[in-house]
Novice: 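Structure provided below as C-alpha cells; questions to follow.
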Amino acid sequence: MSPSAVRRAIAGTAVAAAVLSLPACGGSDAEAAGSDSGETQTVTVGTLRGQPHFYAPFLYEDHAVDGVEFEVVTLDSTPALTDAVSSGTVDFAITGVTATISGISQDRDLKIVASAADGGSGFIGGDDVQTVADLVGKKVGYIQGSAPEVAMRLILAENDIDPASLELIAVPPPEMASAFNSGSVDAFFGTEIAVSLATAAGGHSITDPYATPIGKVNIGLVTTGTKVTEDPELVQKVVDTHAATTAYMTDNIDEWLPEMVKEFGGDQAVLESALKNFFLRADLSEEYQGQVEALAGAMVELGLIETAPPATDLVDATFAPEA
C-alpha cells in the first residue's frame, strides 16, 4: 500500500478510535528492544484532522528517518491531544503550546521537543468594529484557554479596556466563522481557518494579533519527559522526520494541500489563504523559548494556571534543528 493510501486508511475516526484503544506503541518493552536492535519502531502521533497546520503527521511516512514508521491518531482538540500524550495513549502529538503549558503546570509528563507552526490567529471585526476601542459593549467570540485568548486579553489590557465591558462568548473553533457571519458575535479573536472564512465574508483585522510578548507561538511537537530520558534516539528520529516534513510542506504547498483537501474536504482557496497566516517550522530558537516562557507567565497573570513552570520544564531544545 502506498504512503498516501496508508494515510487515508488511518485518517478515519473509526480507525483512530481503534488505535486509541491500544497501548502506546513507543512505550512497550518490545519496541524499546527494537530501538537497540535496529528494528523498525512504530510511533503513534496525535493531531487534528482537516487543518493545514496540523497536517504534518500525515506526511511523516514520506519523510521518515530509517528505523521508524508512523500511525496517525486524530482527536478533536488540543487538550485531548496533550491528555493522550501524558497518558501514554500516543507517543507524540502536534498540539497547542497553551494546552501543553497547562498540562505541565498540573504536573503532567509533557515536553515540547520541536515547534510545528506559528501564527494562525486573527482579531476580526465587522463594519461597526474598526478598532480595539470599538469592542466595548460588543459580543466578542474567543477560544477558551487558548493562546489567542491570552493574546486577546493582553491586547485589551494594553488598550486599557476592561474585559467586563465586553460580552465575551466562548466559541468552539469550528463554529467561530459561522458565529461571526450570522451575527452571533460582532468580533472574535480566533484561529484559522475561521479567520480566512470571516475575512472572505467581509470581516477585517482589528489589530495585529501578534503584537504581544507571546508573539506568534501556536503549536508544537510534544512527547513525554520520560521518553526523552529513556529513548532519546527515538525522539531524535521523530524530530528529524518532523523537521524534514515541515521543510517540505513550506516549499511544496501546491503538492500536499490538494491531497489534504481530497482526504478531508474543504475549500482549497480558503485553505491557501489560511496558510499565508501560518509559519511552519521545527526549530526551538531562544526567541521562541522566550515567547513560550512569556506565554506561561501571561497565563498565570490571567488566572488560567496557578504557577508558571520554568522554561526547562516546558521545552527540551536538544533535538530540534537550528533556526
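These values consider heavy atoms only, across backbone and side chains, with no hydrogens, waters or symmetry-generated copies.
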Novice: Within the 3.5 Å criterion, strictly below it, is a donor on Thr226 or Thr224 matched to an acceptor on the partner's side chain?
Specialist: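 No donor-acceptor contact under 3.5 Å links the two side chains.
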
Novice: So do the side chains of Thr95 and Ile219 get within less than 4.5 Å of each other, counting heavy atoms only?
Specialist: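 They are not in side-chain contact.
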
Novice: Would a 4.5 Å heavy-atom cut-off, applied to side chains only, mark Thr207 and Ile155 as touching?
Specialist: yes

Novice: Rounded to the nearest 0.5 Å, what separation is found between the OH atom of Tyr210 and the CG atom of Asn218?
Specialist: 7.5 Å

Novice: Would you find a donor on one side and an acceptor on the other, under 3.5 Å apart, between the side chain of Asn252 and the backbone of Met249?
Specialist: no

Novice: Sort and list the pairs that fulfil side chain to side chain donor-acceptor pair (under 3.5 Å) and have at least one residue in residues 188-201, not counting sequence neighbours.
Specialist: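 Residue pairs with at least one partner in residues 188-201: Glu192-Ser196, Glu192-Asn277, Ser196-Ser273.
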
Novice: In plain terms, say whether Lys276 and Glu272 are close enough for a salt bridge, that is, a side-chain N and a carboxylate O under 4.0 Å apart.
Specialist: no

Novice: Would you find a donor on one side and an acceptor on the other, under 3.5 Å apart, between the side chain of His63 and the backbone of Ala243?
Specialist: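 No, His63 side chain to Ala243 backbone: no donor-acceptor pair under 3.5 Å.
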
Novice: Donor-acceptor check, side chain of Gln236 to backbone of Phe319, threshold 3.5 angstrom: yes or no?
Specialist: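 Yes: the side chain of Gln236 pairs with the backbone of Phe319.
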
Novice: What I'd like to find out is whether the side chain of Leu166 reaches to under 4.5 Å of the side chain of Ile161, using heavy atoms alone.
Specialist: yes

Novice: What is the distance from atom CD1 of Ile94 to atom CD of Gln51, rounded to the nearest 0.5 Å?
Specialist: 12.5 Å

Novice: Heavy atoms, side chains only, cut-off 4.5 Å: are Lys138 and Val185 in contact?
Specialist: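 The answer is no, as the side chains (C-beta and beyond) never meet within the 4.5 Å cut-off.
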
Novice: For the atom pair CG (Leu156) and OG (Ser165), what is the distance rounded to the nearest 0.5 Å?
Specialist: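 Going from CG on Leu156 over to OG on Ser165, the span is 7.5 Å.
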
Novice: Do Thr42 and Glu69 meet the criterion of a side-chain donor-acceptor pair at a distance under 3.5 Å?
Specialist: yes

Novice: With a cut-off of 6.0 Å (strictly less than), are more than 12 heavy atoms of other residues, nucleotides or ligands near CG of Asp127?
Specialist: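 Open.
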
Novice: Please list all pairs passing the ring-ring contact (aromatic ring centres under 6.0 Å, His included) test where one or both residues lie in residues 140-186, with sequence neighbours left out.
Specialist: Phe180-Phe188

Novice: Please lay out, stage by stage, how Glu71 and Thr44 fare under the test side chain to side chain contact (heavy atoms under 4.5 Å, CB included).
Specialist: CA-CA 5 Å; Glu71 291 180 349; Thr44 49; 3.8 Å; yes

Novice: Side chains of Leu110 and Thr82: closer than 4.5 Å at any heavy-atom pair?
Specialist: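 Leu110 reaches Thr82 side chain to side chain.
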
Novice: Side chains of Trp256 and Leu59: closer than 4.5 Å at any heavy-atom pair?
Specialist: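 SC-SC contact between Trp256 and Leu59 confirmed.
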
Novice: Using distance alone, with no hydrogens and no angle criterion, decide if Ser102 and Gln106 have a side-chain donor and acceptor under 3.5 Å apart.
Specialist: yes

Novice: Please check this pair: side chain of Asp231 against backbone of Leu234, looking for a donor-acceptor N/O pair closer than 3.5 Å.
Specialist: yes

Novice: Sequence neighbours excluded, which residues qualify as side chain to side chain donor-acceptor pair (under 3.5 Å) partners of Glu175?
Specialist: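 Applying side chain to side chain donor-acceptor pair (under 3.5 Å) to Glu175 gives none.
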
Novice: Does Glu287 have more than 12 heavy atoms from other residues, nucleotides or ligands lying within 6.0 Å of its CD?
Specialist: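 For Glu287, atom CD is not crowded (no more than 12 foreign heavy atoms under 6.0 Å).
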
Novice: Just do the side chain to side chain contact (heavy atoms under 4.5 Å, CB included) check on Glu322 and Asp283 with the steps written out, would you?
Specialist: CA-CA 6 Å; Glu322 294 184 2; Asp283 68 279; over 6 Å; no

Novice: What pairs meet the salt bridge (Lys or Arg N to Asp or Glu O under 4.0 Å) rule with one or both residues in residues 97-122, with sequence neighbours excluded?
Specialist: Asp83-Arg108, Asp118-Arg281

Novice: List in chain and number order the residues that pass side chain to side chain contact (heavy atoms under 4.5 Å, CB included) with Ala211, two or more places apart in sequence or in another chain; answer none if no residue qualifies.
Specialist: Asp208

Novice: Give the C-alpha distance, both sets of side-chain angles, the deciding distance and a yes or no for side chain to side chain contact (heavy atoms under 4.5 Å, CB included) between Val90 and Val45.
Specialist: CA-CA 6 Å; Val90 299; Val45 183; over 6 Å; no

Novice: So, His242 and Tyr60: side-chain donor and acceptor under 3.5 Å apart, yes or no?
Specialist: yes

Novice: Which residues pass the side chain to side chain contact (heavy atoms under 4.5 Å, CB included) test with Thr223, sequence neighbours left out?
Specialist: Phe92, Val113, Lys227, Val228

Novice: Ile112 versus Leu284: any side-chain heavy-atom pair under 4.5 Å?
Specialist: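 Touching, per the 4.5 Å side-chain cut-off.
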
Novice: Got a sec: does the CD of Gln144 have more than 12 other heavy atoms crowding it under 6.0 Å?
Specialist: no

Novice: Is a donor on one side and an acceptor on the other found under 3.5 Å between the side chain of His53 and the backbone of Leu280?
Specialist: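 No; judged by distance alone, with no hydrogens or angles, the pair does not exist.
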
Novice: Asp186 side chain to Lys139 main-chain N or O, any donor-acceptor pair under 3.5 Å?
Specialist: yes

Novice: Taking CG in Asp254 as the centre, count heavy atoms belonging to other residues, nucleotides or ligands within less than 6.0 Å. Is the count above 12?
Specialist: yes

Novice: Run Phe123 and Met152 through side chain to side chain contact (heavy atoms under 4.5 Å, CB included) and show every step you take.
Specialist: CA-CA 8 Å; Phe123 211 156; Met152 177 189 72; 3.9 Å; yes

Novice: A side-chain contact here means heavy atoms from C-beta on lying under 4.5 Å apart; do Phe54 and Arg49 qualify?
Specialist: no

Novice: Counting distance only, does the side-chain N/O of Asp313 pair as donor-acceptor with the main-chain N or O of Pro309 below 3.5 Å?
Specialist: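 Looks like no, no N/O pair under 3.5 Å.
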
